[in-house]
Amino acid sequence: MTDNNVLVRVDNLVKHFPILAGVFQRQVGVVHAVDGISFSIRKGETFGLVGESGCGKSTAGRTILQLYRPTAGRVYFEDADLVALKGEELRRTRQRMQMIFQDPYASLNPRMNIREIVGEPLLVHDVGNSKEIEDRVNQLLDTVRLNPGFASRYPHEFSGGQRQRIGLARALALSPSFIVCDEPISALDVSIQAQVINLLEDLQSKMNLTYLFIAHDLSVVRHISDRVAVMYLGILAEMATRDELYAHPLHPYTQALLSAVPVPDPFVEEKRQRIILEGDVPSPVKPPSGCRFRTRCPLAEKICAEEQPAWRDVASDHWVACHMVK
């Protein structure tokens, strides 16, 4: 890797899911979940990945961690090519990469108590004896601001916000350097969302963590992220620093997304022009030719149907894929 400050580099990542039909389960098509995305995440930063539901954000996060094996492309974690790693090598590297899942109700095993859930990564990777694991679990629960005395309780005895803290404690068990946060607050109440976001930020500064923060809430992403990439139907539409992207969005899709974010000033909100996108998101089974966004784009021209726009740096680290941006 050329930049020593880069922790994760994604190079033309592709993930397709086969569509099987018939008695013999023949493949009749593919779902283009992720279709050639490239970006890098620097050490200690929070990289936001945003887009509508079904655009491939979560699949991208899981493929980066090799929970899904990619169809094509490369993922580099420091100097290691994760796609090339297998077996014990991949297992050892996985200790330094963890994930916080979207649904705090489905991601915790209801048959295990909290001590077993948080301590499971330590058991799987054979880190410490039973006393050391118990001490580590108590320390982790204290770190995420839960009472260690609750360790013998089961997930159903906790609220959604508390369950997400338990998931965070589990992710921190092996002292990772990189965490994929897959919409970690979307299932929580607004007041609890703020608590979890503040906790994530505190832990990042104390433990020098690097986050890939996947979300569809643009205001939350603006608060927590250093750089932001906008995803649409399996590809990246735009990527820039947070302040640059929110102040000067270039791609029509980004402009439409940001126009939907409410502004707390009623005078500004009244004068603001909303961009209403027409039509539905096309199927990832048969995405449009050329630019994926052209079927809903108010600026689309003939070239948009004929050629896929190049992913290019149009300003200082401001990337966009659009024929209309000069």
Side-chain angles (χ1 to χ4, degrees), residues 5-10 13 34 37-68 75 77 96-104 107 144 160-161 163-172 176-190 192-232 235-246 249 254 257-258 261 317 319:
N5 197 39
V6 169
L7 182 69
V8 177
R9 180 159 60 90
V10 178
L13 187 66
V34 178
I37 62 173
S38 300
F39 58 86
S40 59
I41 305 174
R42 298 168 189 142
K43 293 177 182 175
E45 83 166 341
T46 299
F47 186 90
L49 186 61
V50 301
E52 293 172 276
S53 296
C55 72
K57 307 184 300 293
S58 296
T59 300
R62 293 177 184 223
T63 308
I64 288 169
L65 293 185
Q66 304 303 299
L67 299 178
Y68 297 148
V75 180
F77 178 76
R96 302 187 55 212
M97 307 177 295
Q98 295 295 319
M99 188 164 193
I100 304 170
F101 295 93
Q102 177 177 355
D103 188 351
S107 61
V144 299
R163 293 188 202 194
Q164 201 58 289
R165 289 168 189 261
I166 294 164
L168 177 55
R170 177 177 60 187
L172 294 171
S177 54
F178 176 56
I179 298 180
V180 174
C181 306
D182 183 14
E183 303 206 36
I185 61 168
S186 62
L188 307 177
D189 293 338
V190 175
I192 306 301
Q193 287 182 2
Q195 294 176 19
V196 173
I197 289 293
N198 290 336
L199 178 59
L200 286 170
E201 291 181 320
D202 289 346
L203 292 173
Q204 183 175 38
S205 60
K206 289 176 184 174
M207 301 181 179
N208 195 29
L209 296 169
T210 302
Y211 293 143
L212 170 59
F213 193 89
I214 298 168
H216 59 260
D217 189 329
L218 289 157
S219 56
V220 170
V221 170
R222 183 174 192 170
H223 174 75
I224 197 172
S225 300
D226 299 298
R227 289 188 301 139
V228 180
V230 179
M231 197 167 180
Y232 182 82
I235 61 168
L236 293 185
E238 188 167 0
M239 180 177 71
T241 62
R242 172 192 60 197
D243 294 340
E244 172 68 15
L245 187 85
Y246 280 79
T254 311
L257 285 181
L258 292 179
V261 178
D317 203 26
W319 294 74

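These numbers come from the heavy atoms of this one structure, side chains and all, not from hydrogens, waters or symmetry mates. Quantities reported herein were computed from a predicted structural model and do not represent experimental measurements.
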Glu183 and Lys57: CA distance, side-chain angles, deciding distance, side chain to side chain contact (heavy atoms under 4.5 Å, CB included) verdict
CA-CA 9 Å; Glu183 303 206 36; Lys57 307 184 300 293; 3.7 Å; yes

Using the side chain to side chain contact (heavy atoms under 4.5 Å, CB included) rule, take Leu172 and Met207 through it: C-alpha gap first, then chi angles, then the decisive distance, then the call.
CA-CA 10 Å; Leu172 294 171; Met207 301 181 179; 4.0 Å; yes

Step-by-step side chain to side chain contact (heavy atoms under 4.5 Å, CB included) determination, Val8 to Leu212:
CA-CA 10 Å; Val8 177; Leu212 170 59; over 6 Å; no

Step by step, work out the side chain to side chain contact (heavy atoms under 4.5 Å, CB included) result for Ile192 and Gln195.
CA-CA 5 Å; Ile192 306 301; Gln195 294 176 19; 4.1 Å; yes

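Across every non-hydrogen atom of Ala171 and Met99, the tightest pair is CB-O, 4.1 Å. In terms of heavy atoms, Leu13 sits closest to Ile64 at CD2-CG1, 4.0 Å. Across Leu200 and Cys181, no two heavy atoms sit closer than the pair CD2-SG, 4.5 Å. The minimum heavy-atom distance linking Val221 with Val50 is given by the pair CG2-CG1, 3.3 Å. The minimum heavy-atom distance between Met231 and Ala60, with the atom names listed, is CE-CB, 4.4 Å. Closest non-hydrogen pair, Thr46 versus Ile224, comes out as CB-O, 3.5 Å.
In this view, Arg227 and Glu45 satisfy the side-chain hydrogen bond (donor to acceptor under 3.5 Å, both in side chains) rule, not counting sequence neighbours. In terms of the side-chain hydrogen bond (donor to acceptor under 3.5 Å, both in side chains) criterion, residue partners of Asp202 (sequence neighbours excluded) are, by chain and number, Arg145. Every residue two or more places apart in sequence or in another chain that forms a side-chain hydrogen bond (donor to acceptor under 3.5 Å, both in side chains) with Glu238 is listed here: Thr254, His318.
Side chain of Ser177 to main chain of Leu209: no donor-acceptor pair is present (N/O by atom type, distance under 3.5 Å, no hydrogens or angles). Between the side chain of Arg62 and the backbone N or O of Tyr68 there is no donor-acceptor pair closer than 3.5 Å. Side chain of Gln98 to main chain of Ile179: no donor-acceptor pair is present (N/O by atom type, distance under 3.5 Å, no hydrogens or angles). In this structure, Arg165 contributes its side chain and Val144 its backbone to a donor-acceptor pair below 3.5 Å.
Distance CZ/Arg222 to CG/Asp217: 12.5 Å, rounded to 0.5 Å. Between Leu203 atom CG and Asn198 atom CG the span is 11.0 Å, to the nearest 0.5 Å. One distance of note links CD of Gln204 with CG of Asp226; it measures 7.0 Å at 0.5 Å rounding. Remark: Ile166 CD1 to Ile100 CD1 distance equals 13.0 Å, nearest 0.5 Å. Between atom CG of residue Leu258 and atom OG of residue Ser219 there is a gap of 11.0 Å, rounded to the nearest 0.5 Å. How far NE2 of His223 is from CZ of Phe213: 9.5 Å, rounded to the nearest 0.5 Å.
Annotation: side chain of His216 is not in contact with side chain of Glu52 (no heavy-atom distance under 4.5 Å). Counting only heavy atoms from C-beta outward, the side chains of Leu7 and Ile41 never approach each other to under 4.5 Å. Using a 4.5 Å cut-off on side-chain heavy atoms (C-beta onward), Val75 and Gln66 make contact. Taking 4.5 Å as the limit, some side-chain heavy atom of Phe39 sits within range of a side-chain heavy atom of Leu236.
Looking only at atom types and distance, the side chain of Gln102 has no donor-acceptor partner in the side chain of Ser58 under 3.5 Å away.
A tilted orientation is assigned to the rings of Phe77 and Phe178, their planes being inclined by 30° to 60°.
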